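What follows is a short report on a single structure.
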Amino acid sequence: MKNYPLPFYIMLLAFSFPALAAPLTEREELTLSLNQLSQIEASLHRAQQSARTGINERYYFDYPRIHSDITTLRSGIEHYLTPARAQPRDTATLGGQYQKEKTTP
């Protein structure tokens with residue numbers, strides 16, 4: 001029997017018993033997607049290290065473009081998960097003096 005990493009067994013259990021697992025929230029799913037993007041990037045980096053592209057190759061895999069696309073995906077998900085908050089507006093200084101004297105004409 002082949003030894004698989006622990007996450008493999010966890011995923012196997014999760015997919016084997018979907019009725020027992022509580023559904024994930026949108027935030028949890030998107031966080032999981034961010035983790036998967038990191039794993040994909042690591043895999044692409046390893047593939048790029050072992051790629052054999054010569055000057056005479058007609059086709060090649062565009063690693064810079066896919067890294068850029070993953071960065072775009074990641075920033076979009078992160079922006080959704082933690083949106084920029086509106087800055088508090090500057091308030092005018094309070095006068096504090098609310099009593100007025102009536103002027104006689």
Side-chain angles (χ1 to χ4, degrees):
M1 183 172 183
K2 189 172 183 179
N3 288 332
Y4 292 103
L6 183 60
F8 172 79
Y9 291 112
I10 293 171
M11 298 228 356
L12 182 64
L13 284 173
F15 289 120
S16 298
F17 304 104
L20 298 177
L24 297 177
T25 64
E26 178 187 34
R27 178 171 286 283
E28 292 169 331
E29 289 285 1
L30 290 172
T31 302
L32 180 61
S33 297
L34 286 174
N35 293 337
Q36 291 171 342
L37 286 174
S38 295
Q39 293 172 359
I40 291 169
E41 265 187 328
S43 181
L44 285 168
H45 182 69
R46 288 189 304 272
Q48 187 174 8
Q49 296 294 327
S50 64
R52 295 184 189 147
T53 53
I55 223 163
N56 295 328
E57 300 284 333
R58 182 171 177 187
Y59 297 105
Y60 63 94
F61 195 84
D62 193 352
Y63 288 100
R65 177 173 285 177
I66 197 165
H67 285 296
S68 173
D69 288 346
I70 290 173
T71 301
T72 302
L73 287 169
R74 177 178 284 115
S75 66
I77 294 171
E78 288 172 345
H79 178 72
Y80 177 76
L81 290 175
T82 54
R85 305 285 185 230
Q87 296 297 318
R89 60 189 170 108
D90 291 333
T91 56
T93 356
L94 299 176
Q97 191 62 271
Y98 302 108
Q99 184 178 358
K100 275 187 138 183
E101 285 187 41
K102 189 176 195 180
T103 57
T104 52

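Note that the coordinates shown come from a computational prediction; the quantities given were computed from them, not determined experimentally.
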Distance-only check: which donor-acceptor pairs under 3.5 Å involve side-chain atoms of residues 61-73, not counting sequence neighbours?
residue, atom, partner, partner atom, Å
D62, OD1, R65, N, 3.4
T71, OG1, H67, O, 2.9
T72, OG1, S68, O, 3.0

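Formation of a donor-acceptor pair under 3.5 Å by the T82 side chain with backbone atoms of H79 is not found in this model.
In this view, Q39 satisfies the side chain to side chain contact (heavy atoms under 4.5 Å, CB included) rule with no residue, not counting sequence neighbours. Checked against side chain to side chain contact (heavy atoms under 4.5 Å, CB included), E29 has the following partners two or more places apart in sequence or in another chain: L24, L32. E28 pairs by the side chain to side chain donor-acceptor pair (under 3.5 Å) definition with T25, not counting sequence neighbours. Residues passing the side chain to side chain donor-acceptor pair (under 3.5 Å) test with S38 are R74, sequence neighbours excluded. Scanning for side chain to side chain donor-acceptor pair (under 3.5 Å) contacts around Q49 gives H45, with sequence neighbours left out.
With rounding to the nearest 0.5 Å, the separation of CD in Q36 from CD in E41 is 13.0 Å.
You'll find the side chain of R27 stays beyond 4.5 Å of the side chain of Y80, heavy atoms only.
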Using side-chain contact (heavy atoms from CB on, under 4.5 Å), reason through I77 and T31 one step at a time and then give a plain yes or no.
CA-CA 8 Å; I77 294 171; T31 302; over 6 Å; no

